[in-house]
Amino acid sequence: MDLTSLLNWIIFLPLIGAVVVLFAPAQMARSITWLFTFGVFLLSCALFGPFWDGSAFKGEYGVMQYETIVKWIDVGGFHINYHVGLDGISFPLIILTTLITWLSAWASWNFDHWNVNRGPKGFFALFLLLETGVLGTFAALDFFLFYIFWEVMLLPMYFLIGVWGGPRKEYAAIKFFIYTLAGSVLMLVALLAMYYTSGDAVGGDGTFNLIDYATKPAIIQMFNDEATRFLGWNFGQAMFVMLFIAFMIKVPVFPFHTWLPDAHVEAPTPISMILAGILLKLGAYGFFRVCYPIFPEAAQSLAYGVALLGVINIIYGAFCCLAQTDFKRLVAYSSISHMGYVVLGIAIMTSTGFQGAMFQVLAHGISSPMCFFLVGVIYDRAHHRDLNRFGGLWLAMPRYGSLATLGFFASLGLPSLCGFIGEIWVLLGTFNAPFPWAKPMAVVAAFGVVLTAAYILWMIQRVYLGKKKEEYAEFPDADARETAILIPMAALAIFMGILPSYTFRLMNGTIDRMLNDVIGPAMAVAFGG
Amino acid sequence: MPLGLFATIWMPGGEDLARLAPVWSLVGTIVGVLLAALIVGRNWRVAGGVTMIGALVTAWLAFRGFTATEGHWAGMSPAGAAPMLVVDQFSHFFIFLLAIFLAAVTWLWFMGQDAAVPDISAHRGDATEFFVLLVGSAFGMAMMVSTTNLLMIILAVESASLPSYGLAGFRKKNRQSAEASLKYVLFGAVTSAIMIYGASLLYGRYHTLDLAMIGRQIQIEGPTVLMGVAMFAFMVGVAFKVSAVPFHFWCPDVFEGASIEVTTWLSVVSKAAGLGLMLRIIAVVTSELTSTDALQYVTMAIAIMAALTCTWGNFSAFRQTNMKRLLAFSSIAHAGYMLMAVAIIWKPAEGALSPAHPAFSAIVAYITVYLLMNLGAFACIAFVYWSTGSESIDAFNGMARRNPLLMVAMVVFLFSLVGLPPMGGFLAKWWLLAALWDAKLIWLIFVAVFNTVISLYYYARIAVAMVFRDDDQAPLRAPLAGQAIVLACAVGILLTGTLWAGRLKDFSDARSRDLYAVTQKSPAGSVAAAESGTAD
């Protein structure tokens, strides 16, 4: 069976679903969405083959599976293609996206109880549109297409937070929108600059091909040449910084993180799950796909700054968590702290660092939606999120309590659960990295683990342990739907923690190729020269 | 009178007259509206109907011109004299756009007749005057983009402006409308005076009305202070039409005071005509220049004006609560974006100058998409006004429930105005930024993109009112024919942003190639340019 066009179906099926939702009766909206997201998840599982048996990793960096190239805009010297494909970096994220979107569609099942007098059609149509945007961004190999999909996500997210969110939803939604747009216009400028500069490099029309940027010798030469200038700056560094800012707003990295707690707290539970589980990963994916392979020399020269931002994220995020009294806000800040490991792992540009960062991306993609859903479950019952008012929930809701403890321990980074592997890989990688500042950074970042343990354990103590409180004694335990949503995430958290090699094998091939073929030579020049 | 005298009077040939068919059609429409009033009496349906037919015929005639292979044609004058009128793909493009828009505004006017809240419909009896003024200003705008002659430029600007003053004050018993009209007249009169003063200086110095000849003289004599003053004064009148900062003060008041149909009309074509004229003046005058000295100042002055216009417009829009006023500032900002492209029609290159083609094309694409966005947005405002009598943002509250279709369309317009993909507004902005990069005006790119971020805030405020808020206003009933227009605009914007993106670029390349060819001095250059342009 020919699977080449499967990826296109996966990207655009949700869009078709959105149209179906708009024309179907309102009471069927959630079932249709559930079916479409589940169907997309099953289809994406059919993509496993070449990544599982390793055949996807033959050849140099830039060999893609399920690749489609169709000319889209081809006029006036512009060659913009619909170009999608998967490698070891994007494939795991596609699976993560389809899985988490399906689970959050399920988490939207109690839509009727959200007390917004707004029909479900708009919500589920936007929800599916969002999925198309995310999948398209992960799959796009043409920078222009990447940018289009990147922006397509903004509008649905804005409305999903703004209409169905909490009390301060308008503020949170516009803050999210303006922050992200400010980043993406920088990406737009970089897009222009890279297009024209690549044209100068090959002496003709430029290209938007993200792989060509990283692998074509003439373009590499031009992009990394000292003589190439952008407003008087070194071209590579200027582009790296602009793209880095664009992506770091999404991750988010200190000091552009302030939109995240607001957006997360105000968004409804399933949207928080998507926001934390998938949308933050787009920033990390941008680092992996755009910043590092294309501008390795600039990345290497700016590694100190990037690593420092990562460490600040880890420590600052963790301290913020300690200060929170709102349950959801705590989980939101813990996302900032955890994404700090991703930034630190990428910054050191070694195999261990990249693997750790990528693993952390996936691990956080499992554990943070789980945490947000756990918060959502309790919020549905208690209608408040004040940490200090909870207590003894484990006794009242034993099944929920057990799963919650598991989810939060995964987030904490307990050995044998998924969070541990990514963090330890990043810390070990940083300790061994060929930078003079790496060891002190690793030591400081390791304190983040202690702080994480502190805020998670303190939170568990306040919410789940202790005597049964009367006002919560009558709470029903997690029902079948809630358990069914939690089980896949819990299972994956355990599986990834105990047998991490099965996750690593999906991506290691590409990471090695990227380091050997693209980043390694540049680093060798930088260190050797 | 001896018959021989007639032989000495120059008459244009039939072929020349045929070239100007779209303009004749506009003139014919004016006559038709007036004659209809004589024949069938003052009937608003007939007056509107004649205008509609005239507009569609004009559009068709201009559309036919798209396939013409003639290139740039300048004439309508005796041999040896300065050409009075020019016809090329750019003038065809503009008249086509103008005529389509004229038809759309007439359509809006018809729908306004059934409105619950009488606006301009209260003046149904004056339909003849209204349409004569409307088509009269359309005629003036058509002439503005069809000439390179000083005298004709002044006549064209005046014949576009004078009817517009009347139109702005057409809500006769409305105090705001009268104030708007007065402000418009005063501003217009002053800027016209300055413009004519500039023209007289130019004529006095260079002894010709032909802009190309003036350019040649400047090349020979080199830039002088007098030339600078004269050119600046001359351009003031054009900047007024474009509403570029600091000649924009009339714009918000006029837009707020005039009836919605008139505001719609002025917001797009009046500015587009000004831009077209500015583009043509600069293209023709500079086509004779080979030294960069004078041009650098011109480029820099326009670039700074563009940056100011766009930033000023966006920041001023922040606090507006009246929708028409808000979109007035938005239109100032968009005029700023388009002016950016005017600044780079000549770009510095190694040694000699080379004309930048992308800039012309970018302006054409921008105007095309801008027409769709503004027409749609103003139509939505019109529907709200006609049923609620309010133009404030609050009147849009709860639109998601009151009329979901209109809400979705309006969201498309608003975010296309911001310039977000997958809407056409993004593609238009993209070609503009690409042109700016091509001309190495990178600081202007940053101005443009950060203005995009700023503008998001106030466009989103409207979306917030429509989608996030709800104060239990009654459902909004919009005329079916009106929803059709709005839907057509929204679909057009989505298509130009996605599947038709290439077509938009092809179209704007083809429409701007003649103007580009003018800037190529040698005839061989213009032929090559014509061949390389893609005909559709």
Side-chain angles (χ1 to χ4, degrees), chain A residues 22 71-78 80 82 116-119 121-122 125-126 133 144-145 147-155 158-159 161-165 169-171 173-175 177-189 191-193 195-197 199 206 230-232 238 242, chain B residues 357-358 361-362 398 400-401 404 407-408 411-412 415 418-423 426-427 429-431 433-438 440 442-443 445-446 448-457 460-461 463-465 467-470 497-509 532-534:
Chain A
L22 281 181
K71 275 185 182 167
W72 174 27
I73 304 173
D74 197 33
V75 283
F78 281 92
I80 301 168
Y82 171 78
V116 276
N117 47 2
R118 198 60 70 73
K121 277 188 175 190
L126 288 169
F144 197 88
L145 188 69
Y147 184 80
I148 300 268
F149 276 124
W150 179 276
E151 298 275 285
V152 164
M153 287 179 313
L154 287 183
L155 270 183
Y158 173 64
F159 286 117
I161 298 174
V163 178
W164 289 276
K169 57 192 183 181
E170 282 180 24
Y171 171 75
I174 193 71
K175 195 170 177 183
F177 206 163
I178 287 183
Y179 265 68
T180 320
L181 189 68
S184 44
V185 297
L186 284 177
M187 198 195 322
L188 185 63
V189 177
L191 186 66
L192 265 175
Y195 177 78
Y196 278 100
T197 311
F230 178 80
L231 289 179
M242 288 204 297
Chain B
H357 189 200
S361 170
R401 172 183 51 78
M407 180 278 287
V408 171
V411 164
V412 170
F415 289 102
V418 177
L420 286 186
M423 270 67 97
F426 167 70
L427 254 295
K429 207 163 263 175
W430 164 259
W431 301 126
L433 295 180
L436 287 175
W437 177 277
D438 203 45
K440 296 282 174 281
I442 294 171
W443 67 271
I445 294 182
F446 278 100
V449 297
F450 281 109
N451 266 291
T452 302
V453 181
I454 296 167
S455 70
L456 171 69
Y457 180 75
R461 266 177 60 206
V464 164
V467 185
F468 299 175
R469 297 197 180 135
D470 201 344
T498 50
L499 299 176
W500 284 4
R503 286 190 190 195
L504 176 68
K505 177 72 174 157
D506 273 340
F507 174 79
S508 35
D509 280 353
S532 68
T534 334

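Letters A, B, ... are given to chains in the order of the sequence lines, protein chains preceding strands, and every chain is numbered from 1. Just so you know, these numbers use all the heavy atoms, side chains as well, and skip hydrogens, waters and symmetry mates. The structure presented is a predicted model; accordingly, all values stated were derived computationally and were not measured.
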Take A/Phe177 and B/Val418 through the test side chain to side chain contact (heavy atoms under 4.5 Å, CB included) and record every step on the way to the result.
CA-CA 12 Å; A/Phe177 206 163; B/Val418 177; over 6 Å; no
So which part of A/Met242 gets closer than 4.5 Å to some heavy atom of chain B, the side chain, the backbone, both or neither?
side chain
Which heavy atom in B/Thr498 sits nearest to a heavy atom in A/Trp72, and how many Å separate them?
O-NE1, 2.8 Å
Nearest heavy-atom contact between A/Ile148 and B/Pro421 is CD1-CB, 3.6 Å
Note: vs chain A, highest number of non-hydrogen pairs under 4.5 angstrom among B/Trp431, B/Tyr457, B/Trp443, B/Phe450 is B/Trp431
Between A/Ala173 and chain B, which part of the residue has a heavy atom less than 4.5 Å away: side chain, backbone, both or neither?
side chain
Given a strict heavy-atom distance threshold of 4.5 Å, which part of A/Phe149 is in contact with chain B: side chain, backbone, both, or neither?
neither
By a 4.5 Å heavy-atom criterion (distance strictly below it), what part of B/Ala400 contacts chain A: side chain, backbone, both, or neither?
side chain
Given a strict heavy-atom distance threshold of 4.5 Å, which part of B/Leu427 is in contact with chain A: side chain, backbone, both, or neither?
side chain
Structural part of A/Ile178 lying under 4.5 Å from a heavy atom of chain B
both
Using non-hydrogen atoms only, which part of B/Trp500 is less than 4.5 Å away from chain A: side chain, backbone, both, or neither?
neither
Report yes if the side chains of B/Leu456 and A/Tyr158 come closer than 4.5 Å at any heavy-atom pair, otherwise no.
no
Please flag which part of A/Phe159 lies under 4.5 Å from any non-hydrogen atom of chain B: side chain, backbone, both or neither.
both
Over all heavy atoms of both residues, which pair between B/Ala434 and A/Leu192 is shortest? Give the atoms and the distance, please.
CA-CD2, 3.4 Å
Closest contact, heavy atoms only, A/Gly162 versus B/Phe468:
CA-CZ, 3.2 Å
Can you tell which part of A/Thr197 gets under 4.5 Å to a heavy atom of chain B, answering side chain, backbone, both or neither?
side chain
Rounded to the nearest 0.5 Å, what separation is found between the CE atom of B/Met423 and the CG atom of A/Leu155?
5.0 Å
Among the listed options B/Val467, B/Leu436, B/Ile442, B/Leu504, the residue most often paired with chain A at heavy-atom distances under 4.5 Å:
B/Val467
Would a 4.5 Å heavy-atom cut-off, applied to side chains only, mark A/Leu191 and B/Trp430 as touching?
yes
So if I apply the side chain to side chain contact (heavy atoms under 4.5 Å, CB included) rule between A/Val185 and each of B/Leu433, B/Val453, B/Ile445, which one comes out positive?
B/Val453
Aromatic plane relationship, B/Trp437 with A/Tyr196 - under 30° parallel, 30 to 60° tilted, over 60° perpendicular
parallel
The interface call for B/Val408 against chain A, heavy-atom contacts under 4.5 Å, is neither
If you take all heavy atoms of A/Ile73 and B/Gly502, which pair is closest and at what distance?
CG2-CA, 4.0 Å
